[in-house]
Amino acid sequence: MSLRVYNTLSGKKEEFQPLVPGKVGMYVCGVTVYDYCHIGHARANIVFDVIYRYFKFSGFETTYVRNFTDVDDKIINRANERGITSRELSEQFIDEFYTDMDALGIERPTHEPKATEYIDQIIAICQTLIDKGMAYAAGGDVYYSVEKFASYLKLSKRNMDEMQAGARIAPGEQKRNPMDFALWKAAKPGEPSWDSPWGAGRPGWHIECSAMSSSLLGDSFDIHGGGRDLIFPHHENEIAQSEGASGKPFAKYWLHNGFVNVNQEKMSKSLGNFFTIREILKTYDAEVVRFFILTAQYRSPIDFSDQNLMEAQSGLSRFYEALDAAQKAVADVPESDQNSGEGARLEEKFREAMDDDFNTAQAIAHLFEGVRTLNRLITTKKFAKKADLVAQVRDLHATILRLGNEVLGLFLSEPSTWLEKVRMAGLARLDITLEEIETQIEARIKARQDKDFAKSDEIRDALAARGIELLDSREGTSWKLK
RNA sequence: GGCCCCGUCGCCAAGUGGUAAGGCAGAGGUCUGCAACACCUUUAUCCCCAGUUCGAAUCUGGGCGGGGCCUCCA
């Protein structure tokens with residue numbers, strides 16, 4: 001079974017064949033650091049984190065580059081509003097970015113370049129493009145001449161004539177063609193700037209990604225990723241710049257993640273449904289957010305709502321409950337050298353799903369089947385005395401944990417700890433204290449010992465009415481949120 | 001207006017030519033003092049119409065509905 005990926009460039013799933021056997025180079029557009037990250041950023045970063053992890057898991061030596069855009073109009077404006085430098089602002093939000101990404105369990109990429117560290121390379125590409133006649137300097141700006149790049153719009157599949165009809169040249173721009181875009185912008189007063197052959201200025205947005213990707217991955221590399229909204233103009237322009245300058249093919253496969261909607265509406269500041277990652281994490285566990293995002297195919301739109309998040313929490317709890325129960329069920333049983341093959345079978349199905357364009361939803365469905373098998377095995381009569389079943393449970397438990405940990409970045413907590421954390425978080429939203437629950441449980445245990453079932457049920461129903469469900473087992477009585 | 005994507009059970013969501021995964025919720029059963037948990041069983045012919053095919057949710061055409069990009073955006 002080989003890995004297949006959906007390539008925006010061809011509009012089809014293609015067999016993944018790296019440029020260099022055994023190695024993968026991937027570049028994903030990162031964030032412009034002028035504000036806190038929202039759940040759309042969470043999705044993009046989680047999706048490409050899993051893609052990165054899966055390449056490594058599949059044995060590829062993977063170089064993952066994710067940049068920071070730390071020079072940009074929005075940064076400059078925001079910094080000016082606050083009376084600090086662009087650098088101070090961007091550094092602050094880089095720290096905030098890491099806070100959020102770490103919470104979501106996102107691995108650090110191999111390289112995390114900042115645009116401002118690549119000014120020399122940016123200037124060099126601009127110069128090459130000017131020398132080749134594909135770009136021109138005008139009034140301290142440098143513009144890319146789109147008509148000089150024959151395959152412009154090949155990624156976004158748009159029509160040049162129609163694009164031109166709607167394009168405008170903004171006041172102050174020196175473009176020859178409205179579709180041309182800025183590679184270099186002349187410095188205005190109060191803006192950060194660098195010296196260049198065209199005078200003091202700063203890079204345009206698109207050029208930085210061309211510079212950073214070629215510097216760290218070479219002119220040609222395997223995977224380029226980002227959100228759907230970057231297809232035009234950002235990625236289209238990157239192709240024009242990079243291929244125009246190098247004369248070589250740029251990224252081989254273009255991967256784009258779908259959007260996050262909120263209650264079925266596009267998330268936007270004007271609609272007031274804009275959620276930052278840290279706001280969401282006040283209500284939902286980070287792993288629940290991660291799990292939720294991975295239960296959909298990465299290219300589909302996903303709807304962020306309380307109901308969907310609650311369901312994700314139930315689903316993830318099912319995993320942790322089963323992992324917890326399995327762990328306990330085999331804890332006191334001596335190890336044996338039996339190999340069940342259950343884990344290998346599950347792993348094969350998991351890989352098959354992931355090989356099909358990183359279908360995490362399908363992969364998770366297979367893991368759920370593993371959970372059911374696990375639960376079925378450990379509730380078998382005299383389970384602990386059946387060495388073959390014990391071996392299956394150990395194998396399956398270890399496999400679910402390993403696939404979850406390494407590829408999906410899930411199930412990383414100690415099950416009982418995680419379940420406890422979620423319970424306590426839920427409790428905080430109810431009008432009841434832990435002490436009250438424990439007191440009631442004690443009272444009910446006593447009533448049951450006295451065979452006073454009427455009272456026992458009364459206590460249970462009263463707690464249930466307040467959102468607390470009791471669970472009796474051999475070990476005693478525990479509780480969970482309804 | 002141009003380009004692109006989507007429409008599968010009450011909800012979420014896989015499946016892209018061979019007879020509908022999985023989760024949540026629901027029903028019945030086992031377990032239980034009664035419950036809950038867990039397990040077992042069970043719940044759809046895939047927006048509509050026409051066509052291609054031995055065979056279509058999957059391909060083609062038309063319609064209806066939803067969304068995205070075309071300006072900064074994950």
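Computed from a predicted structure; not experimentally measured. The figures here come from the full heavy-atom set of this structure, side chains too, leaving out hydrogens, waters and symmetry mates. Order of the sequence lines sets the chain letters (A, B, ...), proteins ahead of strands, with each chain counted from 1.
Using N1 to N3 plus N6-O4 or O6-N4 for Watson-Crick, or N1-O2 and O6-N3 for G-U wobble, each under 3.5 Å, B/A38 pairs with B/U30. In this structure B/C59 sits in a base pair with B/G51, meeting the Watson-Crick or G-U test at under 3.5 Å. For B/G65, the paired base is B/C6 (Watson-Crick or G-U wobble, both distances below 3.5 Å).
Comparing the C1' positions of B/U8 and B/G23 gives a spacing of 15 Å, expressed to the nearest Å. B/C37 and B/G26 have their P atoms separated by 9 Å, given to the nearest Å. When the C1' atom is used for both B/G10 and B/C4, the distance is 31 Å, rounded to whole Å. When the C1' atom is compared between B/U53 and B/G18, the two are found 12 Å apart, to the nearest whole Å. For B/U30 and B/C24, the C1' atoms lie 23 Å apart once the distance is rounded to whole Å. Going from the P atom of B/U58 to that of B/U19 covers 15 Å, rounded to whole Å.
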>> One pair to check against ring-ring contact (aromatic ring centres under 6.0 Å, His included): A/F304 and A/F292. What are the steps and the verdict?
In response: CA-CA 9 Å; A/F304 208 86; A/F292 167 67; 5.7 Å; yes
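At a non-hydrogen distance threshold of 4.0 Å, A/R448, A/F453, A/S456, A/D457, A/R460 from residues 446-461 of chain A come into contact with RNA chain B. Of the residues in residues 412-425 of chain A, none lies under 4.0 Å from RNA chain B by heavy-atom distance. Residues from residues 92-112 of chain A placing a heavy atom under 4.0 Å of any atom in RNA chain B do not occur.
At the heavy-atom level, A/H366 lies nowhere under 4.0 Å from the strands shown. Within the nucleic acid shown, A/R43 has no heavy atom closer than 4.0 Å to any nucleic acid atom. Within 4.0 Å of A/S300, counting heavy atoms only, lie sugar-phosphate atoms of the nucleic acid but no base atom. Counting non-hydrogen atoms under 4.0 angstrom, A/Q362 reaches a base of the nucleic acid. The residue A/G227 sits close only to the backbone: its heavy atoms come under 4.0 Å of sugar-phosphate atoms, none of a base. Counting non-hydrogen atoms under 4.0 angstrom, A/G258 reaches a base of the nucleic acid. Nucleic acid contact class of A/R474 (heavy atoms, under 4.0 Å, all strands): none. Using a 4.0 Å heavy-atom cutoff across all strands shown, A/V47 reaches no nucleic acid atom at all. Counting non-hydrogen atoms under 4.0 angstrom, A/L230 reaches the backbone sugars and phosphates but no base. Residue contacts shown for A/D472 include a base, since a base heavy atom lies under 4.0 Å away. Residue A/N257 is in base contact, counting any heavy-atom pair closer than 4.0 Å across all strands shown. At the heavy-atom level, A/A365 lies under 4.0 Å from base atoms of the strands shown.
The cationic atom of A/K13 (NZ for Lys, CZ for Arg) does not lie both less than 6.0 Å from the six-membered ring centre of A/Y6 and within 45° of the ring axis. A/W479 carries A/R423 over the face of its six-membered ring, with the cationic atom under 6.0 Å from the centre and within 45° of the normal. With a 6.0 Å cutoff to the six-membered ring centre and a 45° limit on the axis angle, A/R43 does not count as a cation-pi contact of A/F48.
Salt-bridge formation is not detected for the pair A/R158/A/E236: no Lys NZ or Arg NE/NH1/NH2 atom is positioned less than 4.0 Å from an Asp or Glu carboxylate oxygen.
The two residues A/D100 and A/R278 make their nearest non-hydrogen contact at OD1-NH2, 3.1 Å.
Nucleotides of RNA chain B that come within less than 4.0 Å of any heavy atom of chain A span, from the 5' end to the 3' end, B/G2 to B/A74.
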Only pairs under 3.5 Å count here: list side-chain donor-acceptor contacts from residues 445-454 of chain A, not counting sequence neighbours, and write none if there are none.
{"from": "A/R448", "atom 1": "NH1", "to": "A/D472", "atom 2": "OD1", "distance (Å)": "3.4"}
{"from": "A/R448", "atom 1": "NH1", "to": "A/D472", "atom 2": "OD2", "distance (Å)": "3.1"}
{"from": "A/D452", "atom 1": "OD1", "to": "A/K455", "atom 2": "N", "distance (Å)": "3.2"}

Could you pull out every donor-acceptor pair under 3.5 Å between side chains of residues 204-211 of chain A and any protein atom, sequence neighbours left out?
{"from": "A/H206", "atom 1": "ND1", "to": "A/H234", "atom 2": "ND1", "distance (Å)": "2.9"}
{"from": "A/H206", "atom 1": "NE2", "to": "A/N237", "atom 2": "ND2", "distance (Å)": "3.1"}
{"from": "A/E208", "atom 1": "OE2", "to": "A/N67", "atom 2": "ND2", "distance (Å)": "3.1"}
{"from": "A/E208", "atom 1": "OE2", "to": "A/T69", "atom 2": "OG1", "distance (Å)": "2.6"}
{"from": "A/S210", "atom 1": "OG", "to": "A/E238", "atom 2": "O", "distance (Å)": "3.4"}
{"from": "A/S210", "atom 1": "OG", "to": "A/Q241", "atom 2": "OE1", "distance (Å)": "2.8"}
{"from": "A/S210", "atom 1": "OG", "to": "A/S242", "atom 2": "OG", "distance (Å)": "2.8"}

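Separation of the A/F275 and A/H38 ring centroids does not fall under the 6.0 Å cut-off.
A tilted orientation is assigned to the rings of A/Y27 and A/H224, their planes being inclined by 30° to 60°.
Separating the OG atom in A/S300 from the CG atom in A/D303 is a distance of 12.5 Å, to the nearest 0.5 Å.
For A/E436, the CD atom sits in a packed shell: over 12 heavy atoms of surrounding residues, nucleotides or ligands are nearer than 6.0 Å.
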